[in-house]
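In what follows, a single structure is set out as C-alpha cells and then discussed.
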Number of protein chains: 2
Amino acid sequence: MKLSDKQLELIEQIGIYHENNGFQPAVARVMGLLLVSDKPELTFEEITESLNISKSATSNALNMLLNTGHIEYTTFPGDRKRYFRIRTSNWRDMIMKRMDDLGVLNALLKRVLEVRKRENSEYDQKLLSFTSFLDYMKVQFPILIEQWEKENQKQKA
Amino acid sequence: MKLSDKQLELIEQIGIYHENNGFQPAVARVMGLLLVSDKPELTFEEITESLNISKSATSNALNMLLNTGHIEYTTFPGDRKRYFRIRTSNWRDMIMKRMDDLGVLNALLKRVLEVRKRENSEYDQKLLSFTSFLDYMKVQFPILIEQWEKENQKQKA
DNA sequence: AATTTGGTTCTGTAAATTATGAACTAAAGA
DNA sequence: TCTTTAGTTCATAATTTACAGAACCAAATT
C-alpha cells in the first residue's frame with residue numbers, strides 16, 4: 001500500500017479536523033486513511049502499516065469507529081481478514097448529530113431561563129430569542145435537507 | 001453570592017456541554033456561571049468564590065474567554081473591579097462557526113476527490129453528493145437565518 | 001500437534017492538560 | 001510611605017490521554 005505525499009498530507013489534515021471534533025489522534029488518522037486511500041476497503045494490517053501505529057492502537061481505533069457507526073466491514077469467504085470502509089450513510093447522521101447537539105444546548109438554555117431570576121432583563125430577551133431560533137432551526141433544517149434531496153433527484157433524472 | 005442547588009447543577013451541565021465542545025473544564029464552568037447566575041455581571045472575586053477555583057484558574061479562564069470573544073466586561077467609575085458578562089452577540093457567531101467548520105470539512109472532502117484515484121466508484125458519487133449538499137447548506141443557511149429574523153421582527157411589531 | 005494468522009487485552013509510561021499556590025505587580029487609598 | 005486591592009505570572013503538582021509492546025487467544029493451516 002503506497003500512499004503519495006499528497007495523500008499522506010491530506011490524511012494529516014483530515015486527522016486534525018477530526019481531532020478538533022473530539023476524536024483521538026489515531027482514530028482520526030484511521031478515518032483520514034479510509035477516506036483518502038485509493039482502495040475503498042482496507043484490512044487491519046494495511047491500516048497499521050500505512051499509519052505506522054501499533055496493533056493495539058489500530059484495534060482500539062477500529063472498534064471505537066465500529067461502535068460509533070463511523071465504519072463497517074465486509075468479509076469474503078475463505079478469508080479471515082475483515083475489510084474496513086467508511087459508512088457513507090454516516091454523513092447524514094453526522095449532520096444530524098450536530099443538530100442534536102444544538103438541541104442539547106437549547107434545552108440547557110431554556111432550563112437557564114426557568115432556574116434563575118433576573119428582573120427586566122434585556123439579556124434574557126435575547127436569550128429567549130436565541131432559543132426560539134434554535135427551535136426554528138430544528139423544524140426548518142430537515143425541510144432544507146428534503147428540498148435538497150428533491151433538487152438532487154431532479155438533476156439525476 | 002448564593003447559588004441554589006438547581007443553579008449549581010445547571011452550571012455543571014452547561015460546563016459538560018462546553019467541555020464537549022472543546023473548552024477546558026474551568027473555562028466551561030465560568031461560562032455556565034455567567035449564564036446561570038441571577039446577576040448578569042460578575043466580578044473576578046465572585047467567580048473564583050462561586051466556582052471554588054484558584055485565582056490563576058480564574059484569570060486564565062477569563063482571559064481566554066475575552067480573547068475568543070465569548071465574554072466582555074464593563075467597569076464603573078471609581079471601582080477598579082471589572083464586571084464580566086457573556087457577549088450575547090456571540091450566539092450568532094457560534095452558529096456561524098459551526099457552519100464554517102462544515103466548510104472546512106467540505107474543502108477537505110473535495111480535496112480527497114482530487115487526490116486519490118478510484119475507478120467507477122459508487123462511493124465517490126455519494127461523497128460528491130455530500131459535498132454538494134454542504135455547498136447547498138452554505139447558501140441556504142444564511143437565508144434561513146434571514147427568514148427567521150423577518151418572522152421574529154413581525155412578532156415584535 | 002505445532003504453527004500461523006488476525007486480531008484483543010493488559011500493563012507501563014511518555015506526553016499533554018489542567019489546575020494550584022506562592023510570589024509578584026501596578027494602581028489606588030490611607 | 002505603607003497597605004490594600006485586583007489581578008497576573010511562574011513553577012510545579014495532579015490528572016488524564018494516548019499509545020507502544022508484550023502477552024495472550026481462538027480459529028485455521030500445515
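Chain naming here is simple, since letters A, B, ... match the order of the sequence lines and numbering starts at 1 in each.
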Any donor-acceptor pair under 3.5 Å between the side chain of [X] and the base of [N]?
X	N	result
B:S56	C:dA19	no
B:S59	D:dG7	no
B:S54	C:dG21	no

Whole angstrom value for the distance that separates [atom2] of [N] from [atom1] of [X]:
X	N	atom1	atom2	value
A:L65	D:dA18	CG	P	14 Å
B:E49	D:dG7	CD	P	13 Å
B:Y83	D:dG7	OH	P	9 Å
B:Y73	D:dA6	OH	P	15 Å
A:Q24	D:dA20	CD	P	11 Å
A:F23	D:dA18	CZ	P	12 Å
B:N60	C:dT18	CG	C1'	9 Å

Closest to the B:I53 side chain: C:dT20, D:dA20, D:dC19? C:dT20
Interatomic spacing from OH in B:Y73 to CD in B:E41 - rounded to 0.5 Å: 13.0 Å
Measure the spacing between CG of B:L35 and CZ of A:R116 and express it to the nearest 0.5 Å. 7.0 Å
Upstream residue (5' side of DNA chain D) when A:T58 and A:G78 are each assigned their closest nucleotide: A:T58
Below 4.0 angstrom, N of the basic side chain to O of the carboxylate: do [X] and [Y] qualify?
X	Y	result
B:K6	B:E9	no
A:K81	A:E45	yes
B:E19	B:R29	yes

Can you confirm if the NZ or CZ of B:R85 lies within 45° of the ring axis of A:Y123 and under 6.0 Å from the centre of its six-membered ring? no
Could I get a table of every N or O pair under 3.5 Å where one atom is in the protein and the other is in nucleotides 1-6 of chain C?
residue, atom, partner, partner atom, Å
C:dT5, O2, A:R80, NH1, 2.9
C:dT5, O2, A:R80, NH2, 2.5

Classify the nucleic acid contact of A:A57 as base, sugar-phosphate or nothing, counting any heavy atom under 4.0 Å across all strands shown. sugar-phosphate
So, OP1 or OP2 of C:dT8: does either fall under 4.0 Å of a side-chain N or O from A:N63? yes
Side chains of A:E151 and A:Q147 only: does a donor on one sit below 3.5 Å from an acceptor on the other? no
